[in-house]
Amino acid sequence: MPSGHLHGHRRGLHPHSARIIVAAALGTALLAALWWIYFSTTAIYGARVLAASGRGRRAALAQDAYALLHLPMIAGIVLVSLGLGKTMSVLGNRGLFELGVPLYPLPHLALYGGVIIYLLADHAIRWRLTHRVHPQRITQTLVITALAPATVHVPALITLTAPTAVCLGFITIEVKRRGWLTRRGQ
């Protein structure tokens, strides 16, 4: 075989490595979106509430929000990471635009369950600190929950694309809405 070829492909980027690069980009975007969801509002509001609270109330809020309610958030991240790792492993050697196999049930559950647990933990932290809900984020959680069973039998790359697109889409709406509120002076 000529030295510039390996199994019929030129050395370098193979079709399956392009799929893995796309999946890695989607996974990174999903994790960045989850980070943004927490740090864009919940953490900011939480810091304000703690700063304005008396010593006793501050200790109780901090214990509940930052010790107890962060545990499910961390579990959600761990599950998402497991789902992302397994997504990479099932991409196979098909071309970038060929449909691949679906995720196995457990990694699918880990991916979607992790995102849902993370979002629910964010809701719980926000509620504990501010006694306020974020209707848009509740809608986001419900959409991802509805997508979980709908994506069980679709290719792994599409399964990963769905929650990533939902999270990024809702962030875009939130950012545009905040800009609109800021322009209105609210």
Side-chain angles (χ1 to χ4, degrees), residues 23-87 103 106-151 159-186:
L26 287 168
T28 302
L30 177 60
L31 292 173
L34 294 177
W35 176 90
W36 194 91
I37 285 166
Y38 175 75
F39 285 102
S40 69
T41 56
T42 306
I44 294 168
Y45 290 139
R48 289 178 187 163
V49 168
L50 289 177
S53 298
R55 177 180 259 169
R57 183 167 188 264
R58 183 180 315 132
L61 288 173
Q63 177 182 349
D64 292 349
Y66 295 106
L68 300 176
L69 294 175
H70 270 73
L71 293 176
M73 186 174 273
I74 293 166
I77 293 283
V78 170
L79 288 171
V80 169
S81 298
L82 173 67
L84 290 173
K86 293 301 181 179
T87 299
L103 273 175
L106 191 57
H108 184 276
L109 179 63
L111 179 65
Y112 277 83
V115 172
I116 293 165
I117 289 169
Y118 183 92
L119 292 172
L120 289 174
D122 182 71
H123 296 308
I125 292 167
R126 184 183 184 98
W127 176 256
R128 179 62 181 110
L129 292 172
T130 67
H131 294 287
R132 298 168 74 190
V133 295
H134 195 306
Q136 181 177 312
R137 298 252 180 101
I138 291 172
T139 303
Q140 175 184 11
T141 305
L142 292 173
V143 169
I144 291 175
T145 302
L147 281 172
T151 57
T159 299
L160 174 56
T161 301
T164 305
V166 169
C167 287
L168 293 176
F170 273 90
I171 286 171
T172 301
I173 292 167
E174 190 172 311
V175 166
K176 287 185 179 214
R177 185 171 181 271
R178 277 192 202 164
W180 180 75
L181 291 174
T182 302
R183 286 191 299 276
R184 290 190 60 210
Q186 297 180 0

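Throughout, numbering of the chain's residues begins at 1 and tracks the sequence.
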How about [X] and [Y]: do any of their side-chain heavy atoms sit closer than 4.5 Å?
{"X": "His134", "Y": "Thr42", "result": "no"}
{"X": "Leu111", "Y": "Leu79", "result": "no"}
{"X": "Arg126", "Y": "Val133", "result": "no"}

Say you draw a straight line from [atom1] of [X] to [atom2] of [Y]; how long is it, rounded to the nearest 0.5 Å?
{"X": "Thr41", "Y": "Gln136", "atom1": "OG1", "atom2": "CD", "answer": "10.0 Å"}
{"X": "Gln63", "Y": "Leu68", "atom1": "CD", "atom2": "CG", "answer": "5.5 Å"}
{"X": "Leu26", "Y": "Leu168", "atom1": "CG", "atom2": "CG", "answer": "9.0 Å"}
{"X": "Leu142", "Y": "Leu147", "atom1": "CG", "atom2": "CG", "answer": "11.0 Å"}

| Between Trp127 and His131, is the ring centre distance below 6.0 Å? |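 Here the rings of His131 and Trp127 have centres that are less than 6.0 Å from each other.
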| query | Does anything in residues 50-68 pair up under salt bridge (Lys or Arg N to Asp or Glu O under 4.0 Å), and if so which pairs, sequence neighbours excluded? | reply |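 Every pair satisfying salt bridge (Lys or Arg N to Asp or Glu O under 4.0 Å) with a residue in residues 50-68: Asp64-Arg128.
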| task | Output every pair passing salt bridge (Lys or Arg N to Asp or Glu O under 4.0 Å) with a member in residues 136-150, not counting sequence neighbours, ordered by first then second residue. | result |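 Sorted result for residues 136-150: Asp122-Arg137, Arg137-Glu174.
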Which heavy atom of [X] sits nearest to which heavy atom of [Y], and what is that distance?
{"X": "Ala146", "Y": "Pro149", "result": "O-CD, 3.3 Å"}
{"X": "Ala121", "Y": "Leu69", "result": "CB-O, 3.8 Å"}
{"X": "Ala67", "Y": "Leu71", "result": "O-CG, 3.4 Å"}

| message | My understanding is that only residues two or more places apart in sequence, or in another chain, count here; which of them pass side-chain hydrogen bond (donor to acceptor under 3.5 Å, both in side chains) with Tyr118? | response |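 With neighbours one apart ignored, the set is empty.
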| field | For Thr161, side-chain hydrogen bond (donor to acceptor under 3.5 Å, both in side chains) partners two or more places apart | value |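 By the side-chain hydrogen bond (donor to acceptor under 3.5 Å, both in side chains) rule, Thr161 matches no residue at all.
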| field | Matching residue for Leu61 among Thr130, Ile125, Leu129 - test: side-chain contact (heavy atoms from CB on, under 4.5 Å) | value |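 In the set Thr130, Ile125, Leu129, the residue that makes a side-chain contact (heavy atoms from CB on, under 4.5 Å) with Leu61 is Leu129.
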| Which residue pairs pass the side chain to side chain donor-acceptor pair (under 3.5 Å) test when at least one of the two sits in residues 72-87, sequence neighbours left out? |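 Applying side chain to side chain donor-acceptor pair (under 3.5 Å) to every pair that reaches into residues 72-87, excluding sequence neighbours, yields nothing.
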| side-chain contact (heavy atoms from CB on, under 4.5 Å) against Ile44, all qualifying residues, sequence neighbours excluded |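 side-chain contact (heavy atoms from CB on, under 4.5 Å) check on Ile44 returns Arg48.
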| query | Does Ile144 have any side-chain contact (heavy atoms from CB on, under 4.5 Å) partners at least two apart in sequence or in another chain, and if so, which? | reply |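 Ile144 satisfies side-chain contact (heavy atoms from CB on, under 4.5 Å) with Tyr112, Val115, Ile116, Leu119, Gln140, Val166, Cys167 once adjacent residues are dropped.
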| query | Does Arg132 count as lying over the ring of Tyr45, i.e. NZ or CZ under 6.0 Å from the six-ring centre, within 45 degrees of the axis? | reply |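 Arg132 over Tyr45 ring: yes.
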| Residues Thr151 and His108: side-chain donor-acceptor under 3.5 angstrom |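 A pair is found: one side chain offers a donor N or O, the other an acceptor, under 3.5 Å apart.
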Would you give me the side-chain donor-acceptor pairs under 3.5 Å for residues 29-39, sequence neighbours excluded?
| residue | atom | partner | partner atom | Å |
| --- | --- | --- | --- | --- |
| Tyr38 | OH | His70 | NE2 | 3.1 |

